[in-house]
Amino acid sequence: SSNTKKSKPTPANPLSKDEVQDRVSKETEALDRSESDFLKMGEELAKIGEIPDICAEQFSDLMKLTPPKIKDMLKGAWLPLEGTKQRLVIRLVRFLNEWTPSAADMEIFKAAGMVAEAPTKRLRG
């Protein structure tokens with residue numbers, strides 16, 4: 001097989017939340033946690049409801065990875081790859097925490113023909 005730098009193909013089946021979480025943990029465990037600008041950003045995003053309150057640190061860790069690594073994880077879960085690095089990280093954090101796509105992402109998910117409704121527990125009427 002040639003060793004050209006091609007991005008990994010999209011897997012035949014999307015990775016589960018737990019499989020993606022394992023990859024995130026492996027990629028982020030060696031990071032220097034002293035860098036706090038991203039943490040502040042994560043806390044701001046949590047305040048406005050873009051990411052879960054408990055996820056500011058996860059957001060901060062992911063922001064320290066390169067965009068190709070983040071896209072690789074998104075691709076593994078069959079999530080859209082459009083947007084800024086911050087948008088990609090928000091998308092990943094929301095996926096890992098079983099949140100529906102953000103309002104900003106809804107259009108991308110619809111355009112990609114992805115079901116926008118996450119499998120949330122629906123109340124039976």
Side-chain angles (χ1 to χ4, degrees):
S1 62
S2 62
N3 213 359
T4 51
K5 271 203 147 174
K6 284 181 81 176
S7 64
K8 294 191 182 94
T10 303
N13 293 300
L15 299 174
S16 71
K17 179 179 74 80
D18 294 335
E19 288 169 314
V20 176
Q21 182 63 65
D22 283 346
R23 290 179 67 182
V24 168
S25 301
K26 279 194 193 83
E27 292 286 359
T28 58
E29 66 191 356
L31 291 173
D32 173 9
R33 290 232 156 65
S34 60
E35 167 64 57
S36 67
D37 286 350
F38 289 140
L39 194 56
K40 285 194 197 83
M41 195 190 287
E43 285 162 356
E44 289 303 311
L45 288 166
K47 267 193 206 120
I48 61 169
E50 278 286 297
I51 59 173
D53 285 337
I54 53 167
C55 295
E57 193 168 283
Q58 184 179 46
F59 172 87
S60 172
D61 286 350
L62 287 165
M63 284 296 288
K64 294 173 197 170
L65 300 178
T66 61
K69 278 189 176 162
I70 297 163
K71 285 187 171 180
D72 211 43
M73 293 178 201
L74 287 167
K75 190 189 275 186
W78 288 16
L79 294 168
L81 307 178
E82 291 93 319
T84 61
K85 182 177 181 180
Q86 181 177 323
R87 284 249 58 89
L88 297 175
V89 170
I90 290 171
R91 192 171 301 147
L92 191 54
V93 168
R94 290 176 74 102
F95 168 75
L96 291 170
N97 291 279
E98 296 181 342
W99 277 31
T100 54
S102 65
D105 272 1
M106 276 301 186
E107 290 312 309
I108 296 173
F109 275 75
K110 284 186 186 136
M114 296 178 176
V115 182
E117 281 70 47
T120 46
K121 293 153 206 70
R122 305 268 303 271
L123 293 173
R124 292 207 177 85

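Separating the CG atom in Leu88 from the CD atom in Glu82 is a distance of 9.0 Å, to the nearest 0.5 Å. One distance of note links CG of Leu62 with CD1 of Ile90; it measures 11.0 Å at 0.5 Å rounding. We find the NZ-CG distance between Lys64 and Asp37 to be 10.0 Å, quoted to the nearest 0.5 Å. Expressed to the nearest 0.5 Å, how far CD1 of Ile70 lies from CD of Glu27 amounts to 10.0 Å.
The nearest pair of heavy atoms linking Phe95 to Ser16 is CZ-C, 4.3 Å. Smallest separation of non-hydrogen atoms from Pro80 and Ile108: CB-CG2, 3.4 Å. Between Leu31 and Asp61, the shortest heavy-atom contact is CD1-O, 3.3 Å.
Residues Met73 and Leu65 form a side-chain contact, since some pair of their non-hydrogen atoms from C-beta on lies under 4.5 Å apart. Here the side chains of Leu79 and Phe109 are in contact, with some heavy-atom distance below 4.5 Å.
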Name every donor-acceptor pair, under 3.5 Å, that has one atom in a side chain of residues 39-54 and the other anywhere in the protein, sequence neighbours excluded.
residue: Glu44; atom: OE2; partner: Lys47; partner atom: NZ; Å: 3.1
residue: Glu50; atom: OE1; partner: Arg87; partner atom: NH2; Å: 3.1

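Distance alone, capped at 3.5 Å, is enough to place a donor-acceptor pair between the Asn97 side chain and the Val93 backbone.
Judged as a side-chain contact (heavy atoms from CB on, under 4.5 Å), and not counting sequence neighbours, the contacts of Gln21 are Val24, Ser25, Gln58, Leu96. Applying the salt bridge (charged side-chain N to carboxylate O under 4.0 Å, His left out) rule to Glu19 yields no partners; only residues at least two apart in sequence or on another chain are considered. In this structure, Asp22 has no side chain to side chain donor-acceptor pair (under 3.5 Å) partners at least two apart in sequence or on a different chain. In this structure Lys17 satisfies the side chain to side chain donor-acceptor pair (under 3.5 Å) test with no other residue, sequence neighbours excluded. With sequence neighbours excluded, no residue satisfies salt bridge (charged side-chain N to carboxylate O under 4.0 Å, His left out) with Lys85.
Ion pair Arg94/Asp105 not flagged as a salt bridge, since none of the NZ, NE, NH1 or NH2 atoms sits closer than 4.0 Å to an Asp/Glu carboxylate oxygen.
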